[in-house]
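Below you'll find the structure, written out as structure tokens, and then a few comments.
All heavy atoms count here, side chains included; hydrogens, waters and symmetry mates do not.
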Amino acid sequence: MTELRKRGGGGGDPDTAENISDKEAESDDRLGLPGDAEGECDVDSKTETPDAPVSTADSDNTPEYLTKALEGLPPRWKNYWIRGLLSICMISGFFLIIYMGPITLIFVVMCVQIKCFQEIITIGYRVYHSYELPWFRTLSWYFLICVNYFFYGETVADYFGALVRREEPLQFLARYHRFISFTLYLAGFCMFVLSLVKKHYRLQFYMFAWTHVTLLIVVTQSHLVIQNLFEGMIWFIVPISIVISNDIMAYLFGFFFGRTPLIKLSPKKTWEGFIGGFFSTVVFGFILAYLLSQFQYFVCPVEFNSETNRFTVECEPSDLFVMQEYTLPAALQNTLRWKTVNLYPFQIHSIFLSSFASLIGPFGGFFASGFKRAFKIKDFADTIPGHGGIMDRFDCQYLMATFTHVYIASFVRGPNPSKVLQQLLMLQPEQQLTMFHTLRSHLKERGLLPPAAVQAE
């Protein structure tokens, strides 16, 4: 990256380390960026990143009527009310989207993914735009389309098997899906190689890596969000809600009680906010899990009904969502005077999800803070007043989605009969008969077939 500094520095004598530090400090003051996860620029003077131009994220885009209503307040309280009001609006919108059903949630996840990708790619474009890298933005969006085609094609094959079997064009696309996906990616790869220019080799490979890391962070984890949704809306709602809860409660505890700094990357983050957010989030997740576990709409896997061409969320709830009696440890029995408690097993899982969201999830935010420090920007964008860009709100959500997916696969999900049946129905008739005879022989040997079925042979 030293080459970038040499190219971008223009003419003139090189600065000493002290001068560089002074200039960076002056630049930070001019930008008005506080040393926080949402606006810190305490950058090491010896960093080897090019100087990024000031982005629009550094400007105040708060609606004028809101600014006038709060103009008499100190900046700290003004920011508090702006963040609070916008948070209420976003949470209300989240409830509305849940009410509109799974298909709406899928489209919202896709829109959020595209916006997050655009925000990160735009930062790269602003940093390197003066070098006139050929096809950079075009190839970035092309790779986004390729990766989305691959992941959404996998989703269609897994969860829309009945629809695929009914439509012949879809059968062709499903059969050769991975080959088509690879071919599309290969075309983009060849386009990149053909776009290489001698004087920009290193920069072009920087941006090639930039695009692919962005795809890994944003698109792959967005796909996991959708996978969680199909396991049941509760696996979508609870993880997202507890991250929101932790963000709000940590902010409130830090705002009113914060005294002890937590991490240098985010000087405004405090131990008081971190600990208060943890306990509040565990309690919130436990209560939310109890409430949602009572409704089929939230606990049943989301499946596509080929007869009605609609998603259905009707089922016999699994044991995970059936009230069970648990015996308390002896120490708690003496303290609470209770021997047993009735809980949904999912409430126990919610404790682990909440603990991850509170203790590990914030590191997604710290990672984003370090990224923004590296490029001397306050926020990823200025989409939401007081909050920054969409990526500023979803930096922890993506990490949480990955953990939830791994948690389900490791500790919750068993064999899925509906997926096995879909795969069997896509076999040739002769293969289906072979599977039938094999299964019947296996059940007969284990004595699981009723006597009437054995005599009928």
Side-chain angles (χ1 to χ4, degrees), residues 91 94-95 97-98 102 104-106 108-110 112-113 116 151-152 154-155 158-159 216-250 277-278 280-293 295 297-303 313 315 317-321 343-368 390-391 393-416 419:
I91 292 171
F94 180 58
F95 287 144
I97 292 167
I98 292 171
T104 304
L105 286 171
I106 292 173
V108 169
V109 170
M110 183 170 66
V112 167
Q113 170 219 117
C116 290
F151 281 125
Y152 279 96
E154 294 284 307
T155 299
D158 286 343
Y159 297 101
L216 177 65
I217 293 174
V218 175
V219 183
T220 304
Q221 296 185 86
S222 297
H223 175 68
L224 298 183
V225 173
I226 295 174
Q227 294 285 308
N228 298 340
L229 171 63
F230 278 105
E231 295 294 330
M233 290 182 66
I234 196 168
W235 291 105
F236 175 88
I237 296 170
V238 169
I240 288 179
S241 298
I242 57 181
V243 170
I244 294 172
S245 169
N246 183 67
D247 190 33
I248 293 173
M249 298 311 298
F278 166 71
S280 302
T281 301
V282 170
V283 172
F284 172 80
F286 193 79
I287 295 173
L288 181 64
Y290 171 78
L291 295 174
L292 297 185
S293 295
F295 301 96
Y297 181 75
F298 297 115
V299 304
C300 290
V302 178
E303 296 180 347
V313 284
C315 69
S318 68
D319 293 340
L320 202 62
F321 306 105
L343 297 173
Y344 292 103
F346 182 74
Q347 288 180 270
I348 299 174
H349 290 295
S350 75
I351 295 174
F352 294 100
L353 294 174
S354 298
S355 298
F356 181 90
S358 304
L359 302 178
I360 307 299
F363 281 84
F366 300 152
F367 177 87
I390 299 296
M391 191 65 203
R393 294 298 90 209
F394 281 82
D395 45 13
C396 301
Q397 293 287 3
Y398 284 130
L399 188 61
M400 186 68 202
T402 303
F403 173 75
T404 303
H405 183 79
V406 173
Y407 187 88
I408 293 172
S410 302
F411 304 109
V412 177
R413 182 195 297 144
N416 191 328
K419 284 190 178 182

List the atom pairs, donor and acceptor, that lie under 3.5 Å between side-chain atoms in residues 355-368 and the rest of the protein, sequence neighbours left out.
from: Ser355; atom 1: OG; to: Ile351; atom 2: O; distance (Å): 2.8
from: Ser358; atom 1: OG; to: Asn246; atom 2: OD1; distance (Å): 3.4
from: Ser358; atom 1: OG; to: Ser354; atom 2: O; distance (Å): 2.9

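The aromatic rings of His349 and Phe346 sit tilted, their planes meeting at an angle between 30° and 60°.
No option in Thr404, Ile244, Ile234, Asn228 other than Thr404 meets the side chain to side chain contact (heavy atoms under 4.5 Å, CB included) test with Pro239. Screening Ile408, Val225, Ile240 for a side chain to side chain contact (heavy atoms under 4.5 Å, CB included) involving Trp235 leaves a single residue, Ile408.
Of all non-hydrogen atoms in Ser222 and Val109, the two that sit nearest each other are O-CG1, 3.8 Å. Taking each heavy atom of Leu292 and Val299 in turn, the nearest pair found is O-CG1, 3.6 Å. For the pair Ser350 and Phe286, the tightest heavy-atom approach, listed with the atom from each and the gap, is OG-CA, 3.6 Å. Contact between Phe352 and Phe403 at its shortest, heavy atoms only, is O-CE2, 4.2 Å. For the residue pair Thr281 and Gly277, the shortest heavy atom distance occurs at OG1-O, 2.6 Å. When every heavy atom of Gln113 is checked against every heavy atom of Tyr398, the shortest pair comes out as CA-OH, 3.7 Å.
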* To do: Walk me through it: do Met249 and Phe284 pass the test side-chain contact (heavy atoms from CB on, under 4.5 Å)?
  => CA-CA 10 Å; Met249 298 311 298; Phe284 172 80; over 6 Å; no

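Here the CG-CG distance, from Leu229 to Leu224, works out to 12.5 Å after rounding to the nearest 0.5 Å. Expressed to the nearest 0.5 Å, how far NE2 of His405 lies from CD1 of Ile226 amounts to 12.0 Å. Distance check: Tyr344 OH to Ser293 OG gives 6.5 Å after rounding to the nearest 0.5 Å. Ile348 contributes atom CD1, which lies 9.5 Å from atom CG of Leu320 (distance to the nearest 0.5 angstrom). To the nearest 0.5 angstrom, Ile98 atom CD1 is 6.0 Å from Met233 atom CE. Here Ile287 contributes atom CD1 and Gln347 contributes atom CD; the two are 9.5 Å apart, rounded to the nearest 0.5 Å.
The side-chain heavy atoms of Tyr152 and Ile106, taken from C-beta on, include a pair separated by under 4.5 Å.
Residues in residues 236-249 take part in these salt bridge (Lys or Arg N to Asp or Glu O under 4.0 Å) pairs, two or more places apart or across chains: Asp247-Arg393.
Heavy atoms of other residues, nucleotides or ligands lying less than 6.0 angstrom from CZ of Phe94 number more than 12.
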